[in-house]
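Here is how names work: the chains are called A, B, and so on, in the same order as the sequence lines, proteins then strands, and each is numbered from 1.
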Amino acid sequence: MTFALIDGNSFYCSCERLFQPKLERRPVIVLSNNDGCAVARTAEAKALGIKMGAPYFQIRDLCERERVAVFSSNYALYGDISRRMNEVYRTVSPNVEAYSIDETFLDLSGFDPSRHEEMARALRAQIRRWIGIPTCVGLGPTKVLAKVANKIAKGDPAMDGVCDLRDPVARKLFLADVPVADVWGVGPASTAKLLAINVRTAADLSAMDFRLAKSLLSVVGERIVMELSGVSCMPLESVPPTRKGLAVTRSFGERITTLDPMLEAVSTYAARAGEKLRRYALAAGYMTLFMHTSRFASTPSYSGSKGIEFSPATNDSRKLIAAAQSLARQVWREGFAFSKAGVMFDDLIPQGDVARGLFDAPDDVERNARLMTAIDQINQRWGRNAAIIGATGLRAAWTQKFQRRSPSFTTKLADLPSC
DNA sequence: TCTGGGGTCCTAGGACCC
DNA sequence: TCTGGGGTCCTAGGACCC
């Protein structure tokens with residue numbers, strides 16, 4: 001087996017640079033929703049000491065002083081660029097797994113092994129030329145090793161964007177320099193356990209007795225050890241598995257202290273979740289609503305949630321909104337400043353499998369589905385919120401802040417770049 | 001006083017990912 | 001003043017069964 005993992009360098013930042021080439025050498029960061037934290041940083045920004053997840057208010061002065069270009073996140077743009085990159089990958093091989101918005105695994109096993117590295121370099125050059133995004137590629141006999149290889153390529157400019165860990169001898173040397181915390185699947189809790197028994201590097205971990213790994217880190221750890229030692233046990237998933245849950249949750253732009261705006265917010269989230277469900281042709285059998293105060297605030301804290309079953313399962317926004325409002329009234333407590341709320345859906349089934357409710361006339365089911373389709377089409381054509389269902393909110397104080405959003409260069413006609 | 005030995009299913013919570 | 005928004009998988013433990 002040979003896996004390649006290709007991903008965009010500082011992906012969100014690179015997307016922002018695409019249309020503003022003058023940013024090419026400047027530090028760039030992209031903020032999370034609500035302009036909360038730094039979630040993407042270019043090499044120049046990392047060099048300034050800006051950490052992943054750093055709250056923006058803590059680094060604002062630094063950013064101004066160092067002329068860091070700061071952007072609110074623009075997921076419409078990043079999603080569109082991501083889609084184009086995957087189109088290019090698929091011209092190389094149909095055996096492609098789009099793992100995340102900026103990472104894709106390719107299975108190169110069908111090609112001549114002596115050409116794998118050359119293919120990786122060619123693909124990288126092609127993405128740079130056609131789409132403009134700089135990338136790195138990791139090659140390995142397993143997914144975990146391809147991930148490690150990719151990380152090594154990122155950290156060492158001398159590798160020119162490609163690291164090949166297929167050869168076991170070379171691999172041993174490379175892995176000895178990789179901290180165990182940098183291995184895919186090894187988080188803070190596992191790192192602490194491993195360091196406690198003196199397993200410090202990826203090489204140490206790959207040499208670990210896999211029964212010990214299992215007792216310490218469960219089957220997840222066992223799999224990682226096997227993959228690191230070159231035994232593939234994580235197959236390429238070219239068909240995405242059916243999703244199990246779906247959520248719409250948001251922090252508020254301003255704290256919510258009264259019930260009405262809360263009802264408005266959760267109704268809006270429920271409507272958005274309805275759109276998502278219909279886009280995937282799914283219906284939900286269970287809904288959970290939650291709201292909580294800020295975990296950073298010193299004011300009184302409260303966190304509450306409550307669920308409700310839908311029988312039959314539904315994706316009708318009006319039912320979702322009614323349920324969200326009813327749950328929100330039950331969870332609501334006076335006297336708190338809420339910072340976030342959300343709706344989550346489980347027990348998802350294909351829309352076509354929904355049993356008709358006992359009291360629904362056959363025509364109703366059809367009619368309701370047509371109404372939802374119509375709303376979705378209007379919103380798709382005329383923009384989100386062109387058609388809304390009563391009680392969902394639009395420009396309220398609680399909506400999020402995106403003060404530094406770039407234009408939607410590729411997905412909105414009005415934002416098309418001009419010269 | 002002594003009080004079996006399995007199964008299965010479900011859920012909550014932890015850990016990890018980007 | 002200001003701290004994201006999604007997901008998945010695994011395990012432990014309780015409920016329940018015979």
Side-chain angles (χ1 to χ4, degrees), chain A residues 5 7-12 29-41 50-61 63 70-75 78-79 82 97-105 143-144 147 150-151 154 180-194 213-224 233-234 237 240-255 269 272-273 276 280 286 288 290 292-299 303 305 307 309 337 339-348 397 400-404:
Chain A
L5 176 66
D7 76 338
N9 302 345
S10 314
F11 181 62
Y12 296 171
I29 65 172
V30 173
L31 302 175
S32 63
N33 276 348
N34 229 14
D35 292 348
C37 309
V39 290
R41 309 105 71 219
I50 297 173
K51 299 274 182 262
M52 179 66 182
Y56 180 51
F57 73 91
Q58 288 175 0
I59 56 172
R60 183 177 297 146
D61 290 347
C63 289
V70 179
F71 292 93
S72 302
S73 40
N74 184 344
Y75 289 103
Y78 314 147
S82 169
E97 175 186 346
Y99 172 68
S100 75
I101 192 164
D102 73 320
E103 290 170 284
T104 297
F105 285 103
K143 281 179 156 184
V144 169
K147 272 286 242 185
N150 178 285
K151 181 152 267 183
K154 276 226 163 59
V180 77
D182 285 355
V183 175
W184 190 34
V186 178
S190 303
T191 300
K193 289 182 190 172
L194 291 169
K214 185 173 183 180
S215 72
L216 201 66
L217 308 173
S218 87
V219 297
V220 179
E222 182 186 36
R223 258 197 312 255
I224 292 170
C233 41
M234 298 166 64
E237 289 175 33
T242 55
R243 69 160 63 220
K244 306 201 159 37
L246 180 156
V248 177
T249 71
R250 293 284 183 280
S251 299
F252 305 128
E254 272 176 29
R255 304 278 187 260
Y269 302 165
R272 190 77 70 233
K276 278 195 190 179
Y280 296 115
Y286 196 83
T288 308
F290 74 86
H292 61 69
T293 53
S294 169
R295 66 182 194 279
F296 301 103
S298 52
T299 46
S303 169
S305 75
E309 208 173 300
S339 68
K340 182 173 179 175
V343 290
M344 306 187 304
F345 296 86
D346 287 295
D347 301 343
L348 306 186
Q400 296 200 306
K401 295 180 173 51
F402 291 93
Q403 293 178 343
R404 300 158 168 278

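Here the nucleotide nearest the side chain of A:R243, chosen from B:dA15, C:dT3, C:dT8, is C:dT8. Of the listed nucleotides (B:dC18, C:dG4, C:dC2), B:dC18 has the atom at the smallest distance from the side chain of A:Y99. The nucleotide whose nearest atom lies closest to any side-chain atom of A:Y75 is, among C:dC2, B:dA15, C:dG4, C:dG4. Closest approach to the A:A247 side chain among C:dG5, C:dT3, C:dG7 is made by C:dG7 (side chain taken as heavy atoms from C-beta onward). The side chain of A:S100 lies closest to B:dC18, out of C:dG6, C:dT3, B:dC18.
Rounded to whole Å, the distance from CZ on A:R295 to C1' on C:dG4 is 9 Å. Atom CG in A:D182 sits about 14 Å away from atom C1' in B:dC17, given to the nearest Å. In this structure, A:M234 atom CE and C:dC10 atom C1' are separated by 14 Å, rounded to whole Å.
Contact annotation for A:S190: backbone-only contact, meaning every heavy-atom pair under 4.0 Å involves sugar-phosphate atoms and none involves a base. Among the protein residues, A:P241 comes within range of no part of the nucleic acid, since none of its heavy atoms lies under 4.0 Å from any strand. Across all strands, A:I101 comes closer than 4.0 Å to no nucleic acid atom at all (heavy-atom distances). Within the nucleic acid shown, A:D102 comes within 4.0 Å of sugar-phosphate atoms alone, with no base atom in reach, counting heavy atoms only. Residue A:V183 is in sugar-phosphate contact alone, with no base atom involved, counting any heavy-atom pair closer than 4.0 Å across all strands shown. Within the nucleic acid shown, A:K193 has no heavy atom closer than 4.0 Å to any nucleic acid atom. Among the protein residues, A:G53 comes within range of no part of the nucleic acid, since none of its heavy atoms lies under 4.0 Å from any strand.
Comparing the C1' positions of B:dG4 and C:dC16 gives an interatomic distance of 16 Å, to the nearest angstrom.
Taking the six-membered ring for Trp and thresholds of 30 and 60 degrees, A:W184 and A:F105 have ring planes inclined between 30 and 60 degrees apart.
Checking the phosphate oxygens (OP1, OP2) of C:dC9, a side-chain nitrogen or oxygen of A:K244 falls inside 4.0 Å. For the OP1/OP2 pair of C:dT3 and a distance below 4.0 Å, the side-chain nitrogens and oxygens of A:R255 include at least one atom meeting the criterion. The shortest distance between the side-chain N/O atoms of A:Q403 and the OP1/OP2 oxygens of C:dC2 is not below 4.0 Å. In terms of phosphate contacts, A:K340 brings no side-chain nitrogen or oxygen within less than 4.0 Å of OP1 or OP2 of C:dT3. The phosphate of C:dG6 has OP1 or OP2 within less than 4.0 Å of a side-chain N or O from A:T249. The phosphate of C:dG6 (OP1 or OP2) has a side-chain N or O of A:K276 nearer than 4.0 angstrom. For A:S251 and C:dG5, the shortest distance from a side-chain N or O to OP1 or OP2 is below 4.0 Å.
Looking at which nucleotide of DNA chain C each of A:M52 and A:T242 is closest to, the 5′-most match is held by A:M52.
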